[in-house]
Amino acid sequence: YERTCRYIARKTNSVVVSVGYRLAPEHPYPTQFEDCLTATVHFMRTAQDYGVDPSRIIVSGDSSGGTLAAAVAQALVSRRDLPKLRAQLLIYPYLQCVDFNLPSYQQNEGVPVLLKERTLALGLKYLDKDLSVIEAVFKGCHVPEDLQQKYQKWVSPDYIPHEFKTRGFKPSTTEPVFSKEVYTHVKPVFDTVFSPLLAEDSVVAQLPETFILTCEFDVLRDDGLLYKKRLEDHGIKVTWCHLQEGFHGTV
């Protein structure tokens with residue numbers, strides 16, 4: 001990311017701070033989020049030492065870095081001791097672990113580099129969880145009925161515009177059979193640090209202006225589309241860029 005960060009700094013005439021957060025499995029979840037939040041808070045408090053206007057700070061990341069940027073932005077909404085974030089810039093972010101049968105997961109499950117199975121395997125490894133539950137999670141057996149009803153208003157194929165379903169999408173016809181064992185095993189996936197799309201409305205309503213980049217050939221495309229809708233429903237200004245020929249890792 002060194003070259004990418006240098007490029008952004010040069011092209012935008014900005015100060016770019018890249019957080020070298022510690023990695024799993026040596027440093028278990030949520031160390032990564034805590035490192036990013038600590039670095040962000042420190043920079044916000046000392047921005048002027050770097051010649052930066054504290055009212056013009058943006059958090060950004062791609063893929064799981066997009067998850068972390070979204071989670072940091074959410075963590076900061078209630079802080080009264082810090083300046084408000086100017087914006088969040090999310091590049092094909094991973095945002096939810098509720099539904100792996102959204103149109104983008106169906107259409108792009110075999111598209112490199114982020115295959116559908118790899119997405120969940122990486123997520124479970126990040127949480128230091130056994131991979132034997134992958135099939136059950138794909139079927140939705142990890143979501144209890146009360147949470148299913150709660151998340152339905154935020155995570156559903158119904159909120160994906162029709163033009164994104166034309167490459168083929170089969171709505172699920174069977175109800176998933178809930179497994180308490182699987183739910184207990186993967187419970188941290190419902191944390192908003194891991195799945196920022198599941199944040200309460202009261203948090204989403206306070207988020208800063210947002211830029212979201214999605215790619216057509218990416219399992220995570222619909223995560224971005226659903227977050228865009230949630231933000232816009234709360235009156236947050238969203239600039240959306242969709243790469244019609246893009247795939248995960250395009251940047």
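What you see is a predicted model, and the numbers here were worked out from it, not measured in a lab.
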Under 3.5 Å, is there a donor on one side chain and an acceptor on the other for [X] and [Y]?
X      : Y      : result
Asp62  : Tyr1   : yes
Ser195 : Gln96  : no
His142 : Ser179 : no

Just checking [X]: does its [atom1] atom have more than 12 heavy atoms from other residues, nucleotides or ligands closer to it than 6.0 angstrom?
X      : atom1 : result
Asp128 : CG    : no
Lys153 : NZ    : yes
Gln48  : CD    : no
Lys84  : NZ    : yes
Glu232 : CD    : yes

Kindly assign one of parallel, tilted or perpendicular to the pair Tyr126 and Tyr29, based on the angle between their ring planes and the thresholds 30° and 60°.
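Correct class here is perpendicular.
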Considering all heavy atoms, the nearest [X]-[Y] contact:
X      : Y      : answer
Tyr94  : Pro196 : O-CD, 4.3 Å
Pro157 : Asp99  : CD-OD2, 4.0 Å
Leu198 : Trp154 : O-CZ3, 3.3 Å
Phe211 : Cys241 : CZ-CB, 3.7 Å

SB check [X] [Y] (cutoff 4.0 Å):
X      : Y      : answer
Glu26  : Arg22  : no
Lys139 : Glu135 : no
Asp146 : Lys150 : no
Asp201 : Arg230 : yes
Glu216 : Arg167 : yes

Donor-acceptor pair, [X] side chain versus [Y] backbone, under 3.5 Å?
X      : Y      : value
Ser14  : Val16  : no
Gln106 : Phe100 : no
Ser156 : Gln152 : no
Thr12  : Ile8   : yes
Thr192 : Phe190 : no

Show the numbers, then the answer: is there a side chain to side chain contact (heavy atoms under 4.5 Å, CB included) between Leu115 and Glu109?
CA-CA 5 Å; Leu115 313 176; Glu109 64 178 340; over 6 Å; no
Could you walk me through whether Phe164 and His242 satisfy the ring pair (Phe, Tyr, Trp, His ring centres under 6.0 Å) test, starting with their C-alpha distance in whole Å, then the side-chain angles of each, then the deciding distance to 0.1 Å, before giving a yes or no?
CA-CA 11 Å; Phe164 292 103; His242 182 66; 5.2 Å; yes
Under the side chain to side chain contact (heavy atoms under 4.5 Å, CB included) criterion, do His185 and Tyr183 qualify, and how do the steps go?
CA-CA 5 Å; His185 184 68; Tyr183 168 67; over 6 Å; no
Evaluate side chain to side chain contact (heavy atoms under 4.5 Å, CB included) for Arg86 paired with Ile57, printing each intermediate quantity in order.
CA-CA 5 Å; Arg86 171 66 185 86; Ile57 295 170; 5.7 Å; no
Side-chain heavy atoms under 4.5 Å apart, restricted to Ile/Leu/Val/Met/Phe/Trp/Tyr: what other residues fall into the cluster of Val111, or is it alone?
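Hydrophobic cluster check, Val111: joined to Phe217, Phe247.
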Centre of Phe138's six-membered ring, under 6.0 Å away, within 45 degrees of the axis: is that where NZ or CZ of Lys116 sits?
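The answer is yes; both the distance and angle limits are met.
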Going through the distances and angles, do Tyr50 and Phe43 end up as a ring pair (Phe, Tyr, Trp, His ring centres under 6.0 Å)?
CA-CA 9 Å; Tyr50 301 93; Phe43 185 73; 5.3 Å; yes
For Ser104, the option from Asp223, Thr214, Asp222 that meets side chain to side chain donor-acceptor pair (under 3.5 Å):
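Of the listed options, the one satisfying the test is Asp222.
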After noting the C-alpha distance and the side-chain angles of Val219 and His248, does the key distance pass the side chain to side chain contact (heavy atoms under 4.5 Å, CB included) rule?
CA-CA 8 Å; Val219 288; His248 196 84; 6.0 Å; no
Is there a path of hydrophobic side-chain contacts, each under 4.5 Å between heavy atoms of I, L, V, M, F, W or Y residues, that connects Val15 with Leu89?
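Cluster IDs for Val15 and Leu89 differ.
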Partner residues of Ser132 under the side-chain contact (heavy atoms from CB on, under 4.5 Å) criterion, sequence neighbours left out
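Expected list: Asp130.
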